[in-house]
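For the numbers below, each heavy atom of this structure counts, side chains included, while hydrogens, waters and symmetry mates do not.
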Amino acid sequence: MDMSNLKTTHQFDVIIVGSGGAGLSLALSLPTHFKIAVLAKSSLTDASTYYAQGGVAAVLDETDSIEQHIDDTMIAGAHLCEMDAVKQTVEGGRPSVDFLLEHGVKFTLDEDEQLHLTREGGHSQRRIIHAADATGKAISTTLVERAQEKQNITIFENFIAIDLITTHKLGHKELVNKALGLYALDERNEKVHTFLAPFTALACGGAMKAYLYTSNPDIATGDGIAMAYRAGCRVANMEFNQFHPTCLYHPQARSFLITEAMRGEGAYLRLPDGERFMLRFDERAELAPRDIVARAIDFEIKRLGIRHVWLDITHKSADFVKEHFPTLYARLMELGIDITKDMIPVVPAAHYTCGGVVVDENSETDIAGLYAIGETSYTGLHGANRMASNSLLECFVYGMSAAKDIQEKFDHSFEVPNVPEWDATQAVSPDEEVVILQNWDELRQTMWNYVGIVRTTKRLERALHRIEMLKQEITEYYQDYHVSKNLIELRNLVLVSEMIVRCAMQRKESRGLHYTLDYPEQSSELRKTVLTPPNFKVETPLVNN
């Protein structure tokens, strides 16, 4: 649909920011009489879901059990996972798979025409359903097709959310802060639109573009987390940033991920001399959780002064490799790497935001009518480390849960509030865009060097000092000039980076993805790290185990 000539104020029943698995599972789970807007920052498939190579974790085999999946998740999350969230998510495995099958996702089948199950790091059983090695692409394209077929869903591509509209922001004094909608920039004509609805859902992914090296698409700039915090929502566990152990090290393939399923199917990690070094770090070797594998690779790279390690699956037959990893095989052949004969150069890269906006079992935030789903949210599922393929599962479980909650709370008597249009009368066009580029590069370099896989208190203090200076510069720039996509993203990224550092400074232990040389041991106390916006006071509870 051509949106270029539309009015700039719109009213819907539900506004969904993000077109990945989380956002579209919500949109497709709502009744067809709901008027729904889906805002995509770029194209509809430009979301982390599309790039997911692994799969969806679900208990489907008779040799597996809900209890085993729960135990595996708790162990991978260093026991910081919240049991209620883990149980809800794991029990939602089969309904989520049914949801995807009903919408036409084509998963890989075994010889008996049953769903083929693979295994990934941290899982004690084969429980990962997949579409070869391009599961995310299969899910994303299918759900996008279903959404485009729905007459009640209006899609706005290239619309970048700027900030939420709430009753408290409008100066209303009632006790409960309610979501009313948001402002968003149409990147094509640089007009700011006003979207109003009684329900808004943030499903805009994580924040790993805060780091210099990342496996994430360019859209992962922490927009939902930053907007929710500015509006008055708590944010938790931002110190837990997962670095995927195996990102391709190649100058022509920036951010190209090598799926963990390759290690699940028997690939080895090797040093230049051929040693399988993971055996020295963990008895599970290559199948250890991602944080352990990423730290081991980081340690060996720094110890030996090398640029990468090697991932080796050449001991498997060529037919096996091509059948299980057709997408990887084809892409790496384009780069001159035959994975049936050649080892693959790999390095860790920032991959997944385990923390996020605090939500309840229905994905509702501290603001009434505002939901956060998927990587934007903190449900309590991942704890100190996300276990492979639990993230897509979380998207569908909580997307469907949010849809049910919205349906139960929907009030047809919702009246359009008197919301002022975006005021840019005092802003001017920027004279030099290089300021944004400089701050962007400096922020990501600071995060990579000081807030990476291994941390120290001194590094975190240095990072916070520089981030606060950058935040001040960016805030002044934002107040003076017209908004742009790069400026909106930079404003969000600097805030989210500050959250990551502040959470990391509060955690006086090493647990899961947060490893600090100053506190190498785990604390006996299980506590999540919660950041509260100004004037919002909440006691930080112990984790519910």
Side-chain angles (χ1 to χ4, degrees), residues 1 3 6-42 44 47 143-144 147-148 150-167 169-170 177-187 191-205 219 223-228 230-233 357 359 362-365 367-374 376-377 395 398-399 402-403 405-407 409-412 414-417 419-422 488 492:
M1 185 182 297
M3 298 293 169
L6 284 182
K7 59 184 180 179
T8 57
T9 298
H10 319 273
Q11 184 182 354
F12 290 89
D13 297 323
V14 183
I15 301 163
I16 302 170
V17 185
S19 58
L24 293 184
S25 64
L26 168 58
L28 293 170
S29 297
L30 287 166
T32 55
H33 64 268
F34 275 50
K35 188 180 176 184
I36 302 167
V38 174
L39 276 61
K41 197 199 304 195
S42 184
L44 279 175
L143 296 186
V144 164
Q148 290 173 325
K150 299 289 187 181
Q151 296 299 310
N152 65 313
I153 298 176
T154 305
I155 296 167
F156 296 81
E157 290 186 279
N158 300 294
F159 271 70
I160 304 117
I162 303 172
D163 260 326
L164 293 164
I165 303 168
T166 69
T167 52
K169 278 192 175 183
L170 295 180
N177 194 11
K178 296 179 181 179
L180 301 174
L182 53 84
Y183 296 110
L185 174 70
D186 182 349
E187 187 186 5
K191 289 183 179 178
V192 175
H193 290 236
T194 306
F195 290 84
L196 302 174
F199 298 97
T200 299
L202 302 173
C204 11
I219 55 98
D223 303 329
I225 299 171
M227 286 191 294
R230 285 195 295 264
C233 295
V357 184
V359 298
N362 298 313
S363 263
E364 191 170 24
T365 70
I367 296 175
L370 178 66
Y371 296 75
I373 316 172
T376 299
S377 70
C395 289
Y398 281 87
D405 194 56
I406 289 171
Q407 190 174 357
K409 293 176 178 175
F410 188 77
D411 182 0
H412 290 278
F414 174 75
E415 296 183 5
V416 181
V419 175
E421 290 193 356
W422 184 260
I488 293 167
N492 291 332

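The CZ atom of Phe159 sits 10.5 Å away from atom CD of Glu187, with the distance rounded to the nearest 0.5 Å. Between atom CD1 of residue Ile165 and atom CH2 of residue Trp422 there is a gap of 9.5 Å, rounded to the nearest 0.5 Å. Distance check, rounded to the nearest 0.5 Å: CG of Leu185 to NZ of Lys191 gives 12.0 Å. Remark: Asn492 CG to Ile162 CD1 distance equals 10.0 Å, nearest 0.5 Å. Taking CG of Leu180 as the start and CG of Leu170 as the end, the distance is 6.0 Å to the nearest 0.5 Å.
Nearest heavy atom pair, residue Thr376 against residue Ala203, reads OG1-C, 4.0 Å. When all heavy atoms of Ala27 and Ile36 are compared, the closest pair comes out as O-CD1, 3.7 Å. The heavy-atom pair separating Ala372 from Val359 by the smallest distance is O-CG1, 3.6 Å. Here the shortest heavy-atom pairing between Lys7 and His10 reads O-CE1, 2.7 Å. Of all non-hydrogen atoms in Thr200 and Gly181, the two that sit nearest each other are OG1-CA, 3.7 Å.
For Ala37, the side-chain contact (heavy atoms from CB on, under 4.5 Å) partners two or more places apart in sequence, or in a different chain, are Phe12, Leu39, Phe156. Applying the side chain to side chain donor-acceptor pair (under 3.5 Å) rule to Thr365 yields no partners; only residues at least two apart in sequence or on another chain are considered. Residues satisfying the side-chain contact (heavy atoms from CB on, under 4.5 Å) criterion with Ala179, sequence neighbours excluded, are Ile367, Leu370. Partners of Ser29 under the side chain to side chain donor-acceptor pair (under 3.5 Å) rule, at least two apart in sequence or in another chain, do not exist in this structure. Annotation: salt bridge (charged side-chain N to carboxylate O under 4.0 Å, His left out) contacts of Lys150 (sequence neighbours excluded): none. Legend: residues meeting side chain to side chain donor-acceptor pair (under 3.5 Å) with Asn158, ordered by chain and number and at least two apart, are absent. By the salt bridge (charged side-chain N to carboxylate O under 4.0 Å, His left out) test, Asp13 pairs with no residue at all, sequence neighbours left out. Partners of Tyr371 under the side chain to side chain donor-acceptor pair (under 3.5 Å) rule, at least two apart in sequence or in another chain, are Asp405.
When each of Ile15, Leu196, Asp163 is paired with Leu182, the side chain to side chain contact (heavy atoms under 4.5 Å, CB included) condition holds for Ile15 and for no other. Screening Ile16, Val38, Val14 against Ile153 for a side chain to side chain contact (heavy atoms under 4.5 Å, CB included) leaves a single residue, Val38.
Between the side chain of Glu364 and the main chain of Gly369, a donor-acceptor pair closer than 3.5 Å is present. Looking only at distances, a side-chain donor or acceptor of Thr167 sits under 3.5 Å from a matching main-chain atom of Lys178.
By the 4.5 Å heavy-atom criterion applied to side chains, Asn152 and Lys35 are not counted as neighbours. Residues Phe34 and Phe410 are in side-chain contact: their nearest non-hydrogen atoms beyond the backbone lie under 4.5 Å apart. Contact check for Pro31 versus Gln407: side-chain heavy atoms found under the 4.5 Å cut-off. Between Lys41 and Asp223, some side-chain heavy-atom pair lies under the 4.5 Å cut-off. By the 4.5 Å heavy-atom criterion applied to side chains, Leu202 and Leu164 are counted as neighbours.
Counted within 6.0 Å of NZ on Lys169, heavy atoms from surrounding residues, nucleotides or ligands total more than 12; the atom is thus considered enclosed. Crowding of Glu421 atom CD: a count of heavy atoms from other residues, nucleotides or ligands under 6.0 Å not exceeding 12.
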Could you list the donor-acceptor pairs under 3.5 angstrom formed by side chains in residues 17-26, with sequence neighbours left out?
unit_1 : atom_1 : unit_2 : atom_2 : d
Ser19  : OG     : Leu44  : O      : 2.6
Ser25  : OG     : Gly21  : O      : 2.9
Ser25  : OG     : Ala22  : O      : 2.9
Ser25  : OG     : Cys395 : O      : 3.3

